[in-house]
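Working notes, beginning with the structure itself.
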2 protein chains.
Amino acid sequence: MDQILSNIKIQINEKLYVKDPETSPLGKKIIEESILLIDSIGFDNFTFKKLGEKIGSNESSIYRYFENKHKLLVYLSSWYWSWMEYRLVFSISNHSDSWEKLKKAIAIVTEKVEDDQKTLHINESILNKIIIAEFTKTFHTKEVDQENKEGFYFIYIRVINRLTTIIKEVNPEYLYAKSLASSIVEGAMHQHFLTDHMQSITDCNQTINPTNFYFDLIEKILKK
Amino acid sequence: MDQILSNIKIQINEKLYVKDPETSPLGKKIIEESILLIDSIGFDNFTFKKLGEKIGSNESSIYRYFENKHKLLVYLSSWYWSWMEYRLVFSISNHSDSWEKLKKAIAIVTEKVEDDQKTLHINESILNKIIIAEFTKTFHTKEVDQENKEGFYFIYIRVINRLTTIIKEVNPEYLYAKSLASSIVEGAMHQHFLTDHMQSITDCNQTINPTNFYFDLIEKILKK
DNA sequence: CAAATATAATAGTAATACTTTCATAATTGA
DNA sequence: TCAATTATGAAAGTATTACTATTATATTTG
């Protein structure tokens, strides 16, 4: 997996950037440090000026890579879901039993991400924290329909479609495979959020995690 | 119900406003028109200046009611969840069977709100649209823990707790009542959002709605 | 009807979200 | 290798946002 991942270049919609950040050291630094800065001060307080100060670069140089911070966040999210998709496809590839595949897939999309050292400039564990905290902001905008048309959420949708396909494999009679898939992906992020900030309305904690909750749930919903 | 609702004054955390908007015509106009303006241009593009222009009042006058637009949104959300809670409590009060109560409760929290004319200055149907589009922004902030301590999300949490209680009544052995309740409330909003903006990853549409999805889901999860 | 309170009008500040211009540094390819 | 191209940095500028403060004028209330 290490080798494969290091050979794969994650493809991101070209409309999300002005200049591809993967093509230069400054671009990579923007990605690397924006993840850390968004995690530390939150997306709402994040500005290109602050990022520039942090990386010792001028604000205007960052604008040569990204039009605005919204597109940077969509870029980071696309990267995340692309990486997720890769791990998902890989993890189910060695299973033929559809039930096993589903459990693997759900584990992948609902588990907290522990840092893996496979990519140099991206800390996946912190990126996962950002996704839990900020991903919903990428599409809760007035421009969502336009941006959806332009494919900004394409990879995220593809991940959910992959999960949907496996759900249908497990139980072709189940009527709500798409809604179940989108509920699990979004819901797992929400349960992680609640674990950290509103413990009183979730059963998840240090010992029980969203994966346990969703394993139990799909067993009851899909087992015939 | 009409009568009861018109007699009840929905209580909102005092920390959310500088001056209670229910105590003056301008205050009520701020509430009424902010709902319409947020719906029309989106919360991100909404400013007190624009609201002032719309209602023929000065920006500075609005600041005498709300410190900032974030607190206004939390105020509107609190109002919404308080109204929800009221309808929920009312709708289950004439049922003794816990399964019937659960179905009623889930219908209330997952159905699209059709405008009801019980309150004069608040359009609940449009407020429901705002909640679907913007509610997640109220707590996806760096200040969430502080604001949670101050009780900003108290009513929302109470609604979820009420649902949790009914779930436990239906099936005391089920291990994830809290997570199920929070998933349903959040998930229903998400499914409504997907219906409007990302049809390809939901089964909900004009004929099937989130309520159908969750009725089926709880039946499979909780029926013994 | 006077006093208190609410609202409006205006101006001002600091930060945000950019854009533009020009200088300089680094890279590339003939 | 050196000229041309491209990338980055520095600085300044604009419009908008998110407020605060001051003063004047309405409106309400006791």
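Just so we're on the same page: letters track the sequence lines, and every chain starts at 1.
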Interatomic distance, E53(B) CD vs dA18(D) P [rounded to whole Å]: 14 Å
Proximity of W81(B) and F154(B) rings by center, below 6.0 Å: no
Heavy-atom donor-acceptor pair, S182(B) side chain to S179(B) backbone, under 3.5 Å: yes
Aromatic ring pairing H140(A)/F193(B), orientation class (parallel under 30°, perpendicular over 60°, tilted between): tilted
Interatomic spacing from OG in S82(B) to CG in N13(B) - rounded to 0.5 Å: 11.5 Å
Donor-acceptor contact below 3.5 Å, side chain H192(B) vs main chain T110(B): yes
DNA chain C-proximal residues of residues 42-52 of chain B, any heavy atom under 4.0 Å: none
Cationic N near anionic O, under 4.0 Å, K137(A) to D44(A): yes
Inter-end axis angle, the helix from dC1(C)-dG30(D) to dA30(C)-dT1(D), with every axis fitted to five base pairs (rounded, 10 degrees): 20°
Parallel, tilted or perpendicular: rings of Y153(B) and F139(B) (30°, 60°): perpendicular
Sequence neighbours excluded, every pair satisfying ring-ring contact (aromatic ring centres under 6.0 Å, His included) that has a member inside residues 21-55 of chain B: F48(B)-Y63(B)
Residues F135(A), Y80(A); criterion ring-ring contact (aromatic ring centres under 6.0 Å, His included); working and verdict: CA-CA 10 Å; F135(A) 177 60; Y80(A) 177 83; 8.0 Å; no
All side chain to side chain contact (heavy atoms under 4.5 Å, CB included) counterparts of I208(B), not counting sequence neighbours: Y176(A), N205(B), N212(B)
N-O pairing of K29(A) and E33(A) below 4.0 Å: no
DNA chain D contacts made by residues 54-73 of chain A, counting heavy atoms under 4.0 Å: G56(A), S57(A), N58(A), S60(A), S61(A), R64(A), Y65(A)
Close side-chain approach of L36(A) to K54(A), heavy-atom, < 4.5 Å: yes
Those residues of residues 24-36 of chain B lying under 4.0 Å from DNA chain C by at least one heavy atom: S24(B), L26(B)
